[in-house]
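Below: the structure, in structure tokens.
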Amino acid sequence: MLTPQQLEHYRREGYVVYPAFLSPDEVSALRVGMGAITAGSTLASHDKTRLEMEPNQAPDGNLVRRLYEPCTYYERFRALSDSGRLLDCVEQLVGPDIIFHYSKINMKPAGIGSPVEWHQDLSYYPLTNRDSVSILFYLDDATIANGCLQVLPRRHEGPLLCHSSEGFFRGKITETVDTKHAVPLEGRAGTVIFMHCMTPHASVTNTSPQPRRTLILSYRAADAYLLYYGVMSSTGDNHTRLVRGKPLANARFTMREFPVPRYESKSASLYDLQERSRAAEQK
Ligand SMILES: O=C(O)CCC(=O)C(=O)O
């Protein structure tokens, strides 16, 4: 459970850091799991439905950028996403009826790990309300040098910042945003960050010799329904499942309006979208 102080921090700042949520043994087991999943994958030859490789490497390079949906495909990760200890915390944040939404592992390999530009998660998948939380599990010690998560506190109750240009969703904040007060969230392996779906966040390229692997899970209240958002709508609920409480048939609306992302095409990932957007800006 989150302590009253942790809960208060989440509500005020839009995130809270929970050190040593996972034991060293749990972290090692998840690392072993990741190793088994990625073994043998190269840029030239890998299963594109399960993972994404770092693009800037030789064809036989084996640096993985992201694993898709580990909690759907692999028992060890699934068990964590269903665990009572985690769901007790999620219940404190989004209420008793909980939908598991998606999972991924951002691998941020040493010396190359791709950056993640500033964005708010809800920009990617508009919901009828904001009771949705992203949970990041550091599986390595995360530092400023290897690209720990950075957040902009106290922005989760405001409006969604602009993530589009020329009418299309770009996967990153496209208006000027003051990041002077960004907070880097360093933490030992096993640290967990609970982050509100409207909290702006980012991380830099990992130029250090240490990897920064991070498992990310997302949950939402069972009455937070996905709005229709064009070509990507069909993928939005592919991995969802009720993990606690009961299904709720009534969508709860808490916002009068919310920007709906207009995807230019079915895009593979956040990295993809942000890279395309950077390339367009440099033209
Ligand atoms: O891995 C990171 O540093 C940030 C992850 C993130 O924001 C995402 O994958 O949506």
Side-chain angles (χ1 to χ4, degrees), residues 14-15 17 30 34 38 50-55 63-71 77 81 100-127 132-153 155-156 160-161 163 169-174 177 179 182-187 189 191-208 210-220 232 235-236 239 261 263 267-278:
Y15 72 94
V17 179
L30 294 174
M34 286 186 294
T38 55
R50 295 291 174 94
L51 50 85
E52 181 177 336
M53 305 298 292
E54 285 289 349
L63 299 173
V64 178
R65 174 150 85 175
R66 175 177 278 181
L67 298 187
Y68 299 134
E69 304 296 348
C71 298
F77 293 93
S81 68
F100 169 85
H101 189 170
Y102 63 81
S103 64
K104 57 194 174 190
I105 301 175
N106 288 349
M107 303 291 279
K108 255 208 211 292
I112 192 171
S114 295
V116 172
E117 295 192 59
W118 288 101
H119 67 282
Q120 292 163 289
D121 285 343
L122 208 56
S123 68
Y124 278 77
Y125 43 84
L127 297 171
S132 161
V133 59
S134 302
I135 307 177
L136 293 89
F137 296 78
Y138 284 152
L139 301 177
D140 291 298
D141 293 346
T143 61
I144 290 174
N146 68 0
C148 66
L149 189 78
Q150 301 181 42
V151 293
L152 290 180
R155 300 293 290 262
H156 57 299
L160 188 82
L161 297 164
H163 288 66
F169 181 62
R170 305 298 178 198
K172 62 177 195 169
I173 297 173
T174 51
V177 61
T179 55
V183 180
L185 303 180
E186 296 190 300
T191 297
V192 171
I193 298 162
F194 294 88
M195 182 177 69
H196 191 277
C197 63
M198 286 287 285
T199 294
H201 57 286
S203 64
V204 298
T205 305
N206 182 6
T207 52
S208 84
Q210 307 301 332
R212 194 235 60 183
R213 291 166 290 186
T214 303
L215 168 67
I216 304 175
L217 274 49
S218 174
Y219 297 86
R220 62 187 208 235
M232 291 295 279
T235 62
H239 298 274
Y263 284 82
S267 76
S269 75
L270 161 151
Y271 295 110
D272 223 27
L273 262 179
Q274 295 188 347
E275 271 160 9
R276 277 192 252 156
S277 162
R278 275 198 295 278

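Ligands are counted one by one from 1 in listed order, and the atoms in each one are counted from 1 as well. Atom set for the values below is all heavy atoms of this structure, side chains included, hydrogens, waters and symmetry mates excluded.
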Next on the checklist: Nearest 0.5 angstrom please: Arg170 CZ to Gln274 CD, how far?
Outcome noted: 12.5 Å
Checklist entry - With respect to His201, which candidate in His196, Glu117, His119, Gln150 satisfies the side chain to side chain donor-acceptor pair (under 3.5 Å) definition? => result His119
Checklist entry - SG/Cys71 to CD1/Ile216 distance, rounded to the nearest 0.5 angstrom? => result 11.0 Å
Checklist entry - Is the distance between the ring centroids of Phe169 and Tyr124 less than 6.0 Å? => result yes
Checklist entry - Out of curiosity, Leu51 CG to Glu69 CD, how far, rounded to the nearest 0.5 Å? => result 13.0 Å
Next on the checklist: Measuring only between side-chain heavy atoms, which start at C-beta, is Phe77 closer than 4.5 Å to Met34?
Outcome noted: yes
Checklist outcome for this item: Within the 4.0 Å heavy-atom cut-off around ligand 1, the contacting residues, ordered by chain and number, are Arg66, Lys104, Asn106, Val116, His119, Asp121, Leu149, His201, Ser203, Arg212, Ile216, Leu270
